[in-house]
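Structure first, then comments.
All ligand and atom numbering here is 1-based and tracks the order in the structure.
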Amino acid sequence: FWDYFNKQMRQEYNEVAYNAWFKNTKPVSYNKETNELVIAVKNPIAKGYWEANLSTKLIQTAYAYGNFEVLPIFEVDGDEPTERFKAPQPPKKVPERSVSPVKDDFVAKNLQLNEKYTFDTFVQGEGNKLAEGAALAVADNPGSFYNPLFIFGGVGLGKTHLMQAIGHQMLGERPNAKVVYIQSETFVNDFINSIKNKTQDEFREKYRTADLLLVDDIQFFAKKEGIQEEFFHTFETLYNDQKQIVMTSDRLPTEIPDLSERLVSRFAWGLQVEITPPDLETRIAILRKKAESEGLVIDDDTLDYIASQVSTNIRELEGALVKVQAHATIEKADINVNLARDALTDLKLVQKSRGLQISKIQEVVANYFQTTVNELKGKKRVRQIVVPRQIAMYLARDLTDASLPKIGQEFGGKDHTTVMHAYEKIEKDIRTDAEIKSAVYELKQLLDR
Ligand code: ADP
Ligand code: MG
């Protein structure tokens, strides 16, 4: 069966991707009673990739092949050198950028990169360590391994930071490398302008000659066929030249509306890695680092307090620190917990709506449609239940930071694809169905209170 599965996958993946994920990956044992199939993979990144992208395929293939069930379990093979992934080596020092003469040179070449977004200033935590490891691997070894690298996750979690860190690292090692960073909206605008101004050759030249292409927030390519076509050719050119491509998005490629099939499949050739919200410990570490770099003296209790007030978005966390700092300046007072509490009172109100629970959404939706939470979590396929259920899933996706699998779990253990389908369905209905549109609108108002 293993050979069969590999053969199947060999047809789906190109050679580089196949080697990255299947070479050095082997079954170790199969337990006939529990159906557990233990598979040894070479490093934690491969483990993450298999879990996210291949375990379903493996299960389905086993079923189709011999009508047997497997429960894949992935183990990192201890014999393989894994240090790089376990503890990413500190990046080679990027040239000192305070007063050194290198500075102007460095900055001039990289107007598009924010000089603060380096590996040095990036704080590692549970939620981002795989992404950081992958980014370091790519920076060390561009174009060979995880190509493309696709980093996804919620707003303000460090996607842009990490992506640009790859750019800085590459330029630190190869100052003449051509690093192109672009917001996907800019790519769209540039493209449209190039058609208007008949400068398409220049447009193509700019992107297709990059050594490293960083495309930020690629979800904006949704539903834009012309752009996708153009990007496809850019992608092909760079990929075939073994140039590294890194993309970020707030969601998986499969969740980007109307993203062409060929882009979806190409984006999966490399590595797709998620950044999830930081835990308290990481938030404190980020604040501490930030405070240090600003020369602020803040005691642990206050750091702890600020970190506990902002839970999901690092940009807001930084904003909270700025607020506290401003408050201290105005009041001419030292920073302590009381001052931080005063400074952040209004923030707390905002956070309340952010901290919306899925259970709350279910309750409000069930009430609104005069059904019950249990029905929403159940399996009934009648329209009176299906529509409220899909709307509740839509709202859970829209108003909370919960991942698709997590939402599925909260709805009686449904598959993440069901949630995704519900989300897309309602998103479409809002545009075409006045009743659904107003229901969603009213529900959002109710939940706002
Ligand atoms: P995204 O692109 O995911 O929306 P950004 O990369 O813009 O998020 O990050 C938002 C802010 O938070 C930036 O100022 C960034 O430097 C900071 N930040 C995010 N993650 C980290 C981290 N792990 N360590 C230090 N700063 C971080
Ligand atoms: Mg960003």
Using the side-chain hydrogen bond (donor to acceptor under 3.5 Å, both in side chains) rule, take T418 and D415 through it: C-alpha gap first, then chi angles, then the decisive distance, then the call.
-> CA-CA 5 Å; T418 309; D415 193 50; 5.0 Å; no
Under the side-chain hydrogen bond (donor to acceptor under 3.5 Å, both in side chains) rule, what do D216 and T248 come out as? Steps first, then yes or no, please.
-> CA-CA 5 Å; D216 209 354; T248 71; 2.4 Å; yes
For R288 and E292, what are the C-alpha separation, side-chain angles and deciding distance, and is it a salt bridge (charged side-chain N to carboxylate O under 4.0 Å, His left out)?
-> CA-CA 6 Å; R288 182 170 290 128; E292 264 164 26; 5.3 Å; no
How far apart are the C-alpha atoms of H161 and T121, what are their side-chain angles, what is the distance that settles it, and do they pass the side-chain hydrogen bond (donor to acceptor under 3.5 Å, both in side chains) test?
-> CA-CA 9 Å; H161 187 140; T121 57; 3.1 Å; yes
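Among H161, R315, Q124, E318, the residue whose heavy atom sits closest to atom 7 (O) of ligand 1 is R315.
Contact check for E229 versus R262: side-chain heavy atoms found under the 4.5 Å cut-off. Using a 4.5 Å heavy-atom cutoff, the side chains of R266 and E236 are in contact.
Taking the six-membered ring for Trp and thresholds of 30 and 60 degrees, Y146 and W21 have nearly parallel ring planes, at less than 30 degrees apart. Taking the six-membered ring where tryptophan is involved, the planes of F221 and F187 are tilted, since the angle between them lies from 30° to 60°.
Between F122 and ligand 1, a contact under 3.5 Å exists for no N or O pair. No N or O atom of V155 sits closer than 3.5 Å to an N or O atom of ligand 1.
Proximity of T121 to ligand 1, defined as any heavy-atom pair under 4.0 Å, is confined to the backbone N, CA, C and O atoms.
Protein heavy atom nearest atom 18 (N) of ligand 1, with residue, atom name and distance: I314 CG2, 3.3 Å. Among protein heavy atoms, the minimum distance from atom 4 (O) of ligand 1 is reached at G156 N, 2.7 Å. Atom 13 (C) of ligand 1 has Y117 OH, 3.6 Å as its closest protein atom, hydrogens excluded (heavy atom only). At the top of the distance list for atom 2 (O) of ligand 1, counting protein heavy atoms only, stands T160 OG1, 2.7 Å. Scanning the protein for heavy atoms near atom 19 (C) of ligand 1, the closest one is G158 CA, 3.4 Å. Looking only at protein heavy atoms, the nearest one to atom 24 (N) of ligand 1 is V123 N, 2.8 Å.
Atoms of ligand 1 found under 4.0 Å from any heavy atom of G154, numbered from 1 in the order shown, are 3 (O). Near N128, with a cut-off below 4.0 Å to any heavy atom, the atoms of ligand 1 are 23 (N). The ligand atoms of ligand 1 that sit less than 4.0 angstrom from a heavy atom of L157 are 1 (P), 3 (O), 8 (O), 19 (C), 20 (N). Every atom of ligand 1 is numbered from 1 in the order shown, and the set under 4.0 Å from a heavy atom of K159 is 1 (P), 2 (O), 3 (O), 4 (O), 6 (O), 8 (O).
Distances from the Mg ion (ligand 2) show that T160 has an N/O/S atom below 2.8 Å.
Heavy atoms of P278 come nearer than 4.0 angstrom to ligand 1 in no pair at all.
Applying side chain to side chain contact (heavy atoms under 4.5 Å, CB included) to F150 and the options I218, V273, V246 leaves one that passes, I218.
Nearest heavy-atom pair across R251 and F152 is O-CB, 3.7 Å.
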